[in-house]
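Written below as structure tokens is the structure these notes are about.
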Amino acid sequence: MSTDAVSSQSNASVPAHRYSAALADQIETRWQSWWDTHKTYQTPNPGESGFDPQRPKFYCLDMFPYPSGSGLHVGHPEGYTATDIICRYKRMCGHNVLHPMGWDAFGLPAEQYAIQTGVHPAETTRRAIDNFRRQLKRFGFCYDWSREFGTIDPDYYKWTQWIFLQIYNAWYDKQQNRARPICELVEEFESGARSVQLNPDAAEYAGAGDLPGGTRVGEWSALDQDTKRMIIDSYRLAYAARQTVNWCPKLGTALANEEVIDGRSERGGFPVFRKPMRQWMFRITAYADRLLDGLRDVTWPESTKIQQAEWIGRSEGAEIDFPILEPGHVPSGMSLRVFTTRPDTIFGATYMVVAPEHPLVDEALDNPAPETDVEQLRAYVESARNRSDIERMEAKEKTGVFIGRFVQNPATGEPVPVWTSDYVLMGYGTGAIMAVPAQDQRDWDFAVKYNLPIVRTVQPPEDFQGEAYTGDGPAINSDFLNGLHVHQAKQRIITWLEDKQIGSRRVNYRLRDWLFSRQRYWGEPFPIVWDDRGNHYPVSEKSLPVTLPEMADYAPVESDDPQPLLGKATDWLKTTAGEVGVDDLPADTPVTREANTMPGWAGSCWYYLRFCDPRNDERFVGEEPERYWMGGSARSGEQAGHDQTVQGVDLYIGGAEHAVLHLLYARFWHKVLFDLGFVSTDEPFGKLFHQGLILSHAYQRPDKSLVPTDQVENVGTDDRPKWIERATGQEVTQIVAKMSKSLKNVVNPDEVIAEYGADTFRLYEMYLGPLEASKPWNTRDIIGLFRFLQRTWRLCIDESTGNPRLSEQPDPAIEKLLHRTIHRVGRDIEKLSFNTAIAAMIEFVNAADELTLDQADRFVRILSPFAPHMAEEIWHRLGRQEALGSVTIQTWPTCDEAMLVDDEIEIPVQVLGKVRSKITVPADASEETMRQRALADERIAALIADKTVRKIIVVPGRLVNIVAN
RNA sequence: GCGGGUGUGGCGGAAUUGGCAGACGCGCGAGGUUUAGGUCCUCGUGUCCGAAAGGGCUUGCAGGUUCGACUCCUGUCACCCGCACCA
């Protein structure tokens, strides 16, 4: 540790009460324990003692951290300092502030770390949490620590399991456009109010559940138990189904689509393969439109809304049935259903493509047509199925095989061949497309390669040079559509298809159902058991939580034959209905527990609700605290023009990396809970903000490879640096890069606090630049903020005695500046513009020589959100503590509007837009006065003497511009 | 390829939203206190010409609108972040 600031303390020449690192440490730790003892930051709930219902509420939430073994890095406190400042400010402005903190502690990273170190994840996670808590407390954040919990606490995950059961016991009513309890569905089946059929939107029955004519199966009472069960399960919002999933052998678990990036796992970057497995899924697709529409009502960064909207990927088009032909081109009575966004181009559909996993391919292999090359087809399908997603993506050239089947194009009446190719995905639409090479580049590429016909059905512009034409234009070669532009042609053809009952309007989404089970150990167990016939049953609510069994061996086996880890806990696994608490079965029925666990996202889907009422053991959150803290609140009226109502969390700050993971999942859970009447708002997070990344410096060789920081030396000057790699003497360039262990450019907050104190750290991170911007950490610059605190200290406190240093008479100029500073700091906090707020305070301290008690009092109040420890200490030494209590609970000082304007102002005078002189005029000087003063100015008069004045622009209070030539 | 964002001194960044570009901090230079340095204090610091007064140039680049453009419009370049065979 470099101890420059500390050593100055021991130097006899330095005043005894100078603000040094040692003094900062003493002040900070003292007030931190004082705040703890006095429960300064505990927030009472409605009805509790100390709760003031007159005040407006402000729920300010940080994305709670994942406590890793390596401790906090400097990125964490960035967002946390920002919310801390806002909370302190809002409290001073009279709000009831909810500002909680907890731990997102289940999931893969903790488990991977445990496997590496050989210490059980329960142990490593507890240690990591303790370390994170210690580090966070050292920053002096104003969290209400009495509300702290971790997602791994059985008291918490009991309710995570409970919410799972609510979702499991719910279905989506498309007529009412909301989720309802499953028992109401059964009632409707029983009464005949709803026709009995499989859920036509159930992804797990795609291609089977929605054949023309439907799958109505008659009276509910006439059905056997198994059929009833199958039908009910097809509606559940949580369902178990065997389907193709993203299997990651290295991680030993299946992953959700959102967790796979470019064919690799989001965590660890390991390859992902497609594999059919039985998994628990959430029917999030039922909420696709609601999740999309809800984005309109929230105050979120536009880029994040766009990302979610693109992930949901709504696209409008049509489903069309193409009759399948038997050899000799005789209709077989079967049809091939496709989804297309361009039904208007159907006359140009010259071939079809189905995904390698499509049932028609299996059928073609089972009953090959004479012209089918069975060996080639089988080989293609096999290889397509076994390729990883990465390999699939790397293949630039399209490949495919004719499957030996023809369908009839219902528009042209012509037979068209059916091919299979892996550029068509089984998971989207119907897994089959009509290929229109003239209007789709992918189809064009394929058609050219395999010599398939291309028929233009949209007239491209005369100067069109490309291949496929996707723009607008009149239809050609399209019979009754000819001449119609794309939009009208779509409407026309859909009407035609609907009349002939061979197609219909259809909306498709890119969003898939959410794969919710993992084969790992460190997660919430499912409150589900299985009987020996393979039926699942919920564990009753009164028997929750289903706790995670102790296991010594929690390491996954790298395997292509995935088995959940909990499968090894045989004693736990095998139980009886009575023991586990299943109400629907006789107590002695042998059952097997669900061995999958929930993914790391589960706990973060509702933690913001639990914070409202974290010790409630009757309900996941009490109704009144939920209504109060999550309820809609009019945005504070200080920003004019924004009277819109925000619902849910008033301000949520966290990284942008969760744009489509946590933020989408939590919205989904929240909407289900809302539909079922458990929460009072439709959206969880009214206002969202992303802090930027804290970057660091790194060095790059000419070949773009990176060099660790400790292997580089500056052989130039500070002004003109020249960086060389020590080992080779080769010149390298300094770049800005992410902090990483391998580059040796990670900054540890503990060390910075030891050297300067937490107040300096907080100020530095906020002063770095705009909160939303990514910006490089520059250790060298921290000293500037330390000096500012030192000057602040010296302004209020005598460095030699430690007593207040105050004047009797206020300096009028400083009084005026103080009002301005109060105004600027308040306005900038509202804008989350902390860097400029701090600059305003620096300017004030630089300008002031001495303050009166009253002035020091007010300045310390506005400083306190930023540097709470120093503010509290000065507050105390000024003697304010005794009478008024902690500075934390004071009111924000008022500023007098009249003090914000000057009597006289300096106005630039321009000639032809260039500033040539300045005049001093009364602030409310008229246009005419300003004009005359400007023309009377000596320098201006000289400049325009030999010119003709064409025009004079006078902006009162701003400037004068003389146009003369 | 599509979508979004960002380009301002040696560095991090300001700019009342069309009105004095470079606030504030770092660094750098000069001086002071102390004196072994550092800490601390004061002043200076976009750049070019000039001894100075003063003047020219300057917000990635090229145009345009305007009395006036970092800000608005058109084109262009660079970098960053999403998405990417989604029919």
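In what follows, every chain begins at residue 1, and chains take the letters A, B, ... in the order their sequences are listed.
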With [atom1] as the reference atom in both, quote the distance from [N] to [M] in angstrom, rounded to an integer.
{"N": "B:rG22", "M": "B:rU16", "atom1": "P", "answer": "13 Å"}
{"N": "B:rG54", "M": "B:rU35", "atom1": "C1'", "answer": "42 Å"}
{"N": "B:rG25", "M": "B:rG37", "atom1": "P", "answer": "27 Å"}
{"N": "B:rG60", "M": "B:rG9", "atom1": "P", "answer": "8 Å"}

What contact category does [X] fall into here, base, sugar-phosphate, or nothing, at under 4.0 angstrom with non-hydrogen atoms?
{"X": "A:Arg791", "value": "sugar-phosphate"}
{"X": "A:Ile953", "value": "base"}
{"X": "A:Arg824", "value": "nothing"}
{"X": "A:Asn961", "value": "base"}
{"X": "A:Asn508", "value": "nothing"}
{"X": "A:Val963", "value": "sugar-phosphate"}
{"X": "A:Glu906", "value": "base"}
{"X": "A:Gln910", "value": "base"}
{"X": "A:Arg950", "value": "nothing"}

Parallel, tilted or perpendicular: ring planes of A:Tyr428 versus A:Phe339, cut at 30 and 60 degrees = perpendicular
Do A:Phe786 and A:Tyr19 have ring centroids that are under 6.0 Å from one another?
-> yes
Would you please indicate yes or no on a ring centroid separation below 6.0 angstrom for A:Phe844 and A:Phe859?
-> yes
Does some side-chain heavy atom of A:Leu789 sit less than 4.5 Å from a side-chain heavy atom of A:Tyr756?
-> no
Any side-chain heavy atom of A:Leu452 within less than 4.5 Å of one from A:Trp419?
-> yes
Could you state the atom-to-atom distance from [atom1] of [X] to [atom2] of [N] in whole Å?
{"X": "A:Arg820", "N": "B:rA23", "atom1": "CZ", "atom2": "P", "answer": "18 Å"}
{"X": "A:Leu768", "N": "B:rA14", "atom1": "CG", "atom2": "P", "answer": "11 Å"}
{"X": "A:Glu765", "N": "B:rG25", "atom1": "CD", "atom2": "P", "answer": "20 Å"}
{"X": "A:Leu900", "N": "B:rU16", "atom1": "CG", "atom2": "P", "answer": "17 Å"}
{"X": "A:Leu693", "N": "B:rU6", "atom1": "CG", "atom2": "P", "answer": "16 Å"}
{"X": "A:Ile783", "N": "B:rG25", "atom1": "CD1", "atom2": "P", "answer": "13 Å"}
{"X": "A:Arg314", "N": "B:rA87", "atom1": "CZ", "atom2": "P", "answer": "13 Å"}
{"X": "A:Leu959", "N": "B:rC20", "atom1": "CG", "atom2": "P", "answer": "7 Å"}

Is A:Lys775 near enough to B:rG12 that one of its side-chain N or O atoms lies under 4.0 angstrom from OP1 or OP2?
-> no
Under 4.0 Å: is that the gap between some side-chain N or O of A:Arg958 and OP1 or OP2 of B:rC67?
-> no
Candidates B:rC20, B:rC57, B:rG4 - which lies nearest the side chain of A:Lys914 | B:rC57
From B:rG25, B:rA14, B:rG55, nucleotide with atom closest to A:Arg939 side chain | B:rG55
Could you say whether A:Pro776 or A:Ile962 is positioned toward the 5' end of RNA chain B, judged by the nucleotide with the nearest heavy atom to each?
-> A:Pro776
Relative to the 5' end of RNA chain B, which residue comes earlier, A:Ile306 or A:Thr430, by the nucleotide with the nearest heavy atom?
-> A:Ile306
Note, RNA chain B 5' to 3' with Watson-Crick or G-U pairs under 3.5 Å encoded as ( ), [ ], | and . gives (((((((..(((......[....)))((((((.......))))))((((....))))..(((((..]....))))))))))))....
Determine, stepwise, if the pair A:Glu319 / A:Arg505 fulfils salt bridge (charged side-chain N to carboxylate O under 4.0 Å, His left out).
-> CA-CA 6 Å; A:Glu319 275 187 349; A:Arg505 198 175 298 277; over 6 Å; no
Considering residues at least two apart in sequence or located in another chain, which fulfil the side chain to side chain donor-acceptor pair (under 3.5 Å) criterion with A:Gln691?
-> none
Within a radius of less than 6.0 Å around NZ of A:Lys449, do more than 12 heavy atoms belonging to other residues, nucleotides or ligands occur?
-> yes
